[in-house]
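Heads up: numbering here begins at 1 and tracks the sequence.
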Amino acid sequence: MTHLRIDDLYDIALPQQPAVSPSGEVVFVLRRADRDADRDVTALWRAEGPLTSGPADRAPAWSPDGRTIAFLRAADGPAQIWLLPMRGDAVPEEAAERVTALPLGAGPPRWSPDGTAIAFTAPVSSGPIDLDAPIEIDRLDYQADGAGLLRSVTTQVHVLDLTTGEVTQVTTRHRHTGDPAWSPDGTRLAFPAALDDDTDLTGNLAAYVLDLETGADRVVLDGSAGPATWTPDGRALLIVGRRDTRAGHAGLLLAPLDGGPVVDLAAGLDRNVMPGETGYPGARPQVTGDGRAVLFCVRDAGRTDLYRVDLSGGPARRVLGEAGHVVSEAALAPDGILVAVRSTPTSFGDLVRVEPDGGTRTLYSGARPLLPYRERVFTVADGTTVHGWLLRAPGASGPQPLLLDIHGGPHNAWSGSADPARLYHQVLAARGWSVLVLNTRGSDGYGEAFYTATYGAWGEADARDFLDPLDELVRDGLADPARLAVTGYSYGGYMTCYLTAHDDRFAAAVAGAPVSDVTAMVGTADLGHHIGVRELAAEPWAAPERYVAQSPLTRVGEVRTPTLLLQGVADLRCPIGQSQQWFAALRERRVPTRLVLYPGAAHEFLLTGRPSHRADYNRRVIDWVTREEH
C-alpha cells in the first residue's frame with residue numbers, strides 16, 4: 001500500500017464551507033497549500049471546477065433569489081465582502097465587486113430575507129491604532145490567540161444596505177459580538193455578546209435580539225450563548241449553549257422571546273452540540289425548509305454526526321454519520337437537499353450531497369490510500385471503559401515500537417477518520433510502528449459525566465486511562481515496552497509532560513504547545529482565568545495545593561525521558577513560557593532535550609499555520625521518536 005509522505009501536506013486539498021442555493025446549486029471553498037508562497041490558498045469552487053482563483057476567498061453565502069454569491073476576499077488588506085453575480089455556467093470572476101471597505105475588515109456575510117441587506121460583524125477601533133503607543137490594560141480579555149494584543153478594538157454588528165451601499169454599525173454598547181442572524185421578517189437581528197462589563201471574569205455570554213428600527217436590544221438567554229438562529233415564526237431562538245457558565249455540554253436551546261421556558265432539544269442525547277470551529281468539527285444548526293425541524297451536529301464516541309429533531313420536541317435521530325466519519329460543516333437548501341463536509345478513514349475531506357430521500361453522492365473527494373485505524377476498547381483499573389484506535393500496517397505481527405498520541409482540549413476527541421494535521425501517524429505505521437490514540441476521561445462524545453471527569457483533577461483523573469491500555473498492549477504482544485513514545489499537543493502536551501514526570505516507561509516524548517505550570521498559565525494565557533475557574537476548579541490563591549499537584553513542573557526533577565518541545569512563538573493559549581520552563585529544567589538537569597520555536601505561529605498553527613511549519617512539525621515528531629533507529 002502506498003503511504004503518504006510528509007511532503008504530501010502540500011498536496012492535500014480540503015473542501016470547506018459549503019453553500020447551497022435555493023435551487024440546489026452548490027458552491028464551496030477549496031483549501032490547498034501553496035508551496036512556493038508558503039501559505040494556504042482558498043478559492044470558491046463548484047463541483048465542475050474553480051469559480052474564483054483566490055488566494056484568500058472564503059465564507060460564500062447565496063442571496064435569497066440565488067442570483068448572487070456574497071463572500072469574503074482578502075486582497076491587499078483585511079478581508080472585505082464581495083459580490084459575485086451568478087450568470088449561468090460561465091461566470092467571469094472579473095464580475096466580482098467589492099462592497100465594503102472597512103479599515104479592519106469584515107466578517108462572514110449574512111443575507112437579509114428579502115436580499116436587500118447583508119449583516120456581518122467587523123472589528124472597530126475607538127481611535128487610531130498606534131502600534132508603538134503604551135497599552136493600558138484594565139481587563140483580562142486584552143489579548144486573543146491569533147490576534148495578539150487587542151488594544152482598543154471591539155467586534156460590532158454592521159448592516160450593509162445594498163440599495164445605497166451604506167454600511168451602518170448597529171451595535172455599540174457590547175464589547176464583542178458574535179455572528180448575527182436575521183429574523184424571518186428582516187426587522188431584527190440575533191447575536192451572542194458579552195452580558196456585562198465583568199464578562200472577562202464571569203464568562204457570561206448572552207443571546208441578544210436587536211430591533212433594527214428602534215435600535216433597542218434585549219437579552220433572550222443569559223449563560224454561555226453561542227451561535228443563534230430563528231424559528232420560522234420568529235417567536236423563538238435556537239441557541240447553541242448553556243444556561244450557566246460551568247464546564248459541560250452545550251445544548252440546543254429553544255428560547256422563546258416572550259420569556260417562556262427554555263427547552264434543550266438535544267437533552268435526551270447526553271452529547272455535546274457542536275456548532276463547528278477550528279479543531280472542533282460541527283455545523284451551525286439550520287431549520288429545515290418545511291419549518292418543522294432543525295439539523296445540528298453532536299460528538300459521539302469519536303465521530304461527529306448530523307442529527308434532526310422536531311421543533312415541537314421528541315427524540316432526535318441521526319441523519320448523517322457512522323463509525324470513523326466526522327461531519328465538519330453542512331448547508332441545507334429549502335427543498336431539503338443537504339450538502340456536508342465529512343472526513344472518513346480513507347479521506348481527509350469529502351463533499352457529499354444528501355438528497356431528501358436519503359440518497360448520497362460525493363461531489364468532491366480527498367480520498368487517499370491510507371493505513372486503517374482499528375477500534376479498541378480498554379478497561380482501566382477502576383473499571384472505566386476507554387475507547388480508542390490502534391494504527392498498524394496490515395499484516396504486522398509481534399510487538400512494535402508504539403507512539404501514544406494525546407489529543408488537546410481536554411474536551412476534544414480522536415476519531416478513526418483521516419487526520420491531515422498528523423501525517424506522522426501514517427508515516428510511522430508504514431515504518432513498522434504502532435500509533436495509539438485514546439479518548440480518555442475528559443474527552444467529548446461519551447456523556448457529560450465523562451466530559452467533566454477531569455474538572456479540578458487534570459492529570460490525576462486521566463493518567464491511568466493512558467497507562468493501563470499501554471500495559472494491555474504490551475501483555476498482548478503488540479507493543480515493545482522498551483520502545484514506547486508519547487506525544488500530544490496543547491492539553492496533549494500537558495499530559496506528555498505530566499506522564500513523563502510520573503512514569504519512566506517512555507523512551508521519547510514530544511510535547512507540542514504544552515502546559516507545564518498551571519499557575520503561570522492562568523495569569524498569562526488568553527483564556528487563563530476561565531481555564532482556572534472552569535477546568536482547574538478554583539483560582540490559584542484559593543487552592544494552591546491543587547495547582548501544585550496538577551502542575552507537571554512540580555515533578556520535573558523526576559523526568560528522565562528525552563523530550564522535544566515544539567512551540568509557536570505567538571501562542572497565547574499555551575504561552576511560550578510554558579515550553580521554556582520545561583526545556584530549561586530538563587537542560588539544567590542534562591536530560592536530552594530540544595526546543596523548536598515557530599516564528600509568528602499562534603496556537604492553531606498545526607491546523608492553519610504556514611504549510612512549511614506544519615510539515616516541519618510532522619517531520620520532527622518522526623525524527624525524534626525514531627532517532628535511535630538512524
Side-chain angles (χ1 to χ4, degrees), residues 2-12 33 35 38 370-371 391-393 396 399-408 418-437 470 479-490 492-493 495-497 499-500 504-514 516 559-569 571 574 576 578-580 582-584 586-587 590-599 601 605-607 609-630:
T2 302
H3 66 272
L4 286 172
R5 299 170 299 114
I6 295 304
D7 281 346
D8 288 329
L9 273 169
Y10 292 107
D11 302 322
I12 296 171
R35 181 192 298 264
D38 195 18
L370 299 171
L371 301 174
L391 178 65
R392 286 166 64 94
Q400 291 186 323
L402 181 144
L403 175 67
L404 168 66
D405 201 343
I406 304 174
H407 68 65
D419 187 345
R422 295 172 176 84
L423 289 184
Y424 56 82
H425 286 190
Q426 295 287 325
V427 174
L428 285 170
R431 288 175 55 168
W433 279 65
S434 295
V435 178
L436 177 66
V437 295
L470 290 177
D480 181 347
R483 302 174 70 192
L484 301 177
V486 59
T487 189
Y489 192 85
S490 193
M495 280 305 304
T496 297
C497 295
L499 290 176
T500 56
D504 62 2
R505 74 181 66 195
F506 297 103
V510 181
S516 59
V559 177
R560 301 289 184 271
T561 305
T563 302
L564 171 68
L565 296 120
L566 304 173
Q567 176 73 47
V569 173
D571 191 338
C574 298
I576 186 174
Q578 297 289 323
S579 285
Q580 290 171 320
W582 199 253
F583 168 75
L586 295 189
R587 175 61 184 145
R590 292 175 171 76
V591 175
T593 186
R594 181 175 299 153
L595 172 62
V596 179
L597 301 178
Y598 295 91
F605 87 90
L606 190 55
L607 301 174
R610 293 167 57 180
S612 63
H613 285 175
R614 303 195 311 252
D616 183 84
Y617 188 106
N618 274 260
R619 292 190 191 99
R620 288 182 184 275
V621 173
I622 296 168
D623 291 346
W624 189 262
V625 301
T626 63
R627 67 196 187 287
E628 293 183 358
E629 299 175 2
H630 300 322

Can you confirm whether L597 sits close enough to L566 that some side-chain heavy atom of one is under 4.5 Å from a side-chain heavy atom of the other?
no
Using the salt bridge (Lys or Arg N to Asp or Glu O under 4.0 Å) criterion, which residues pair with R505? Sequence neighbours excluded.
D471, D503
Sidechain-backbone polar pair: T487 side chain, V510 backbone, donor-acceptor under 3.5 Å
yes
Decide, yes or no, whether a salt bridge links D38 with R610 under the criterion of side-chain N to carboxylate O below 4.0 Å.
yes
Residue pair P599 / H613: nearest heavy atoms and the distance that separates them
O-CE1, 3.4 Å
Just checking, any donor-acceptor pair under 3.5 angstrom between side chains of Y489 and D405?
no
Could you tell me whether D7 and R619 make a salt bridge, using a distance below 4.0 angstrom between a side-chain N and a carboxylate O?
yes
Cation over ring face, R620 and W624, 6.0 Å, 45°
no
L484 vs L404 side-chain heavy atoms within contact, under 4.5 Å:
no
Q426 CD to R431 CZ distance, which is reported to the nearest 0.5 Å
14.0 Å
Looking at A511 and T496, what are the two nearest heavy atoms and their distance?
CB-CG2, 4.1 Å
Taking all non-hydrogen atoms of both residues into account, name the closest pair between L370 and A418 and its distance.
CD1-CB, 3.5 Å
NE2 of H407 to OG of S490, rounded to nearest 0.5 Å, is 11.0 Å
Between T593 and R587, do the side chains contain a donor N or O and an acceptor N or O under 3.5 Å apart?
no
Treating D8 as the side-chain partner and D11 as the backbone partner, does any N or O pair qualify as donor plus acceptor under 3.5 Å?
no
Flag the pair D623 / Y424 as yes when at least one side-chain heavy-atom distance between them is below 4.5 Å, and no otherwise.
no
For N618 and A421, the nearest pair of non-hydrogen atoms, with its separation, is ND2-O, 3.2 Å
Flag side-chain contact, heavy atom, 4.5 Å: L9 against L423
yes
Between the side chain of S579 and the main-chain N/O of L565, is any donor-acceptor distance below 3.5 Å?
no
Closest non-hydrogen atom pair, L403 against W433:
N-CE3, 3.8 Å
To the nearest 0.5 Å, tell me how far C497 SG sits from L586 CG.
8.0 Å
For G488 and Y617 the tightest heavy-atom approach is O-OH, 4.3 Å
Take Y598 and D571 through the side chain to side chain donor-acceptor pair (under 3.5 Å) test and state the conclusion after the steps.
CA-CA 10 Å; Y598 295 91; D571 191 338; over 6 Å; no
Are the side chains of L499 and T561 in contact, using a 4.5 Å heavy-atom criterion?
no
4.5 Å side-chain heavy-atom contact, R614 and P420
no
H425-D419 side chain donor-acceptor pair, cut-off 3.5 Å
no
Note, R422 side chain near L606 side chain (heavy atom, < 4.5 Å):
yes
To the nearest 0.5 Å, what is the distance between CD (Q580) and CD (Q567)?
8.0 Å
Taking R483's backbone N and O only, do any of them form a donor-acceptor pair with Q400's side chain (distance below 3.5 Å, no angle check)?
no
One pair to check against side chain to side chain contact (heavy atoms under 4.5 Å, CB included): I622 and I6. What are the steps and the verdict?
CA-CA 10 Å; I622 296 168; I6 295 304; 3.9 Å; yes
